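In what follows, chains carry the letters A, B, and so on, assigned in the order in which the sequence lines appear, proteins first and then strands, with residues in each chain numbered from 1. Everything numeric in this text was worked out from a predicted model, so none of it was measured. Because only heavy atoms are used, hydrogens play no part in the values below, and waters and symmetry mates are left out as well, while side chains stay in.
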There are 2 protein chains.
Amino acid sequence: MKSKRQNNLSAAEWKVMRVVWDLKKAMAREVYTVAGEEHGWTPATVKTLLKRLVDKGYLNTTKVGNGFVYRPAHSAISILRDAADTLLGNAARGTTGPLLAHMLESSPLDEADLDSLQQLIDEKKKSLGSDDSKHK
Amino acid sequence: MKSKRQNNLSAAEWKVMRVVWDLKKAMAREVYTVAGEEHGWTPATVKTLLKRLVDKGYLNTTKVGNGFVYRPAHSAISILRDAADTLLGNAARGTTGPLLAHMLESSPLDEADLDSLQQLIDEKKKSLGSDDSKHK
DNA sequence: AGCTAACGTTGACATTTGTAAACGATTCGG
DNA sequence: CCGAATCGTTTACAAATGTCAACGTTAGCT
């Protein structure tokens with residue numbers, strides 16, 4: 001079961017996390033620079049967000065020099081999955097298919113990605129045929 | 001281009017919207033009942049959410065009897081797409097494929113949905129092979 | 001050893017969100 | 001035609017969020 005993560009990421013916190021996930025690990029300076037530049041934030045703002053992320057358990061720290069090295073406490077994909085589940089849970093009847101279609105269209109995917117997706121679709125189709133849980 | 005919708009839906013507001021989208025249109029009573037039951041909200045809470053949704057422009061109203069009929073101002077899919085774009089925008093490098101895979105796996109899709117997705121994948125594969133468009 | 005740049009912590013403040021009661025208007029059953 | 005059931009609006013209030021400055025600490029250069 002998924003550990004009920006009650007403290008969800010806010011919009012601003014997501015931006016910071018994306019930076020740290022991309023860098024794998026980062027020092028405050030790097031986050032100030034990248035995230036600050038990207039969103040027009042002052043270092044002060046980024047500091048607050050980093051602190052909140054640590055408090056919420058999304059970032060771990062290791063002391064180095066006068067500061068910390070920040071690193072993600074969870075993989076990006078696991079957090080993304082949770083967010084995706086929430087999104088899917090909000091999808092009204094009949095919108096799931098079109099939603100996935102849109103995402104597929106607007107995503108940059110490589111050959112390998114497309115292959116896995118193809119395979120998943122094939123499997124799903126197969127299990128649709130044998131699956132007698134379809135009541136139309 | 002996507003009209004910069006500054007007033008995003010909050011978690012609670014999404015729940016209410018999903019109910020109204022599913023019903024196509026609804027009177028306060030119905031929303032109290034369905035959404036209230038689903039989330040343990042009092043009618044008072046649902047009232048507040050409905051009002052905020054009207055103020056934010058997500059719901060339109062038509063006077064009927066002593067109250068309103070509420071109906072979505074935008075299609076569910078268009079709002080979902082915006083949310084999906086936000087999610088994809090937060091996806092760290094290399095996580096987009098796995099993210100889509102997860103969503104595909106955990107979504108209930110019918111034959112038609114799967115067919116459209118399959119086609120999209122085929123097209124994407126084609127354009128990957130021949131057309132090496134690296135433009136923006 | 002002393003100074004300074006950089007870091008984390010605290011404090012701040014306006015806005016949004018979650019949750020709900022109180023109040024006033026209005027419609028419908030009788 | 002009158003009162004009860006509803007509905008929408010107003011008010012409330014704590015917690016979360018977005019943004020940032022001030023302050024105290026410390027590492028690293030000189």
Asker: How large an angle, rounded to 10°, do the end axes of the helix from C:dA1-D:dT30 to C:dG30-D:dC1 enclose when each is built from five base pairs?
Answerer: 10°
Asker: Table please: side-chain donor-acceptor pairs of residues 27-34 of chain B below 3.5 Å, with sequence neighbours left out.
Answerer:
unit_1	atom_1	unit_2	atom_2	d
B:Glu30	OE2	B:Met27	N	3.0
B:Thr33	OG1	B:Arg29	O	2.8

Asker: Can I get a per-line list of side-chain donor-acceptor pairs under 3.5 Å for residues 115-123 of chain A, giving both atom names and the distance, sequence neighbours left out?
Answerer:
unit_1	atom_1	unit_2	atom_2	d
A:Asp115	OD1	B:Lys125	NZ	2.6
A:Ser116	OG	A:Ala112	O	2.8
A:Gln118	OE1	B:Lys125	NZ	3.4

Asker: For DNA chain D, determine which residues of residues 22-32 of chain B have any heavy atom closer than 4.0 angstrom to one of its atoms, and list them numerically.
Answerer: B:Ala28, B:Arg29, B:Tyr32
Asker: What's the NZ-P distance between A:Lys51 and D:dG24, to the nearest Å?
Answerer: 18 Å
Asker: Find the distance A:Asp55:CG to D:dA16:C1' and express it as a whole number of Å.
Answerer: 13 Å
Asker: Once side chain to side chain contact (heavy atoms under 4.5 Å, CB included) is applied, do any residues pair with B:Asn66, and if so which ones, sequence neighbours excluded?
Answerer: none
Asker: Considering residues at least two apart in sequence or located in another chain, which fulfil the side chain to side chain contact (heavy atoms under 4.5 Å, CB included) criterion with B:Val54?
Answerer: B:Leu59, B:Thr61, B:Tyr70
Asker: Scan nucleotides 16-30 of chain C nucleotide by nucleotide, 5' to 3', and note B when protein non-hydrogen atoms come under 4.0 Å of the base, S if they reach only the sugar-phosphate, - if neither.
Answerer: -BBBBB-----S---
Asker: Can you name the salt bridge (Lys or Arg N to Asp or Glu O under 4.0 Å) partners of A:Arg18, sequence neighbours left out?
Answerer: A:Asp22, A:Glu38
Asker: Can you pull the side-chain hydrogen bond (donor to acceptor under 3.5 Å, both in side chains) pairs that have at least one residue in residues 91-112 of chain B, sequence neighbours excluded?
Answerer: A:Asp85-B:His102
Asker: Can you list the residues that meet the side chain to side chain donor-acceptor pair (under 3.5 Å) rule with B:Lys25, with sequence neighbours excluded?
Answerer: none
Asker: Only counting residues at least two apart or in another chain, list the ones meeting side chain to side chain contact (heavy atoms under 4.5 Å, CB included) with B:Thr42.
Answerer: B:Ala44, B:Thr45
Asker: Quick one: A:Leu53 CG to C:dG8 P, roughly how many Å, whole number?
Answerer: 13 Å
Asker: Would you indicate whether the side-chain heavy atoms of A:Ile79 and A:Met17 approach each other to under 4.5 Å?
Answerer: no
Asker: Under the salt bridge (Lys or Arg N to Asp or Glu O under 4.0 Å) test, which residues partner A:Arg52, sequence neighbours left out?
Answerer: none
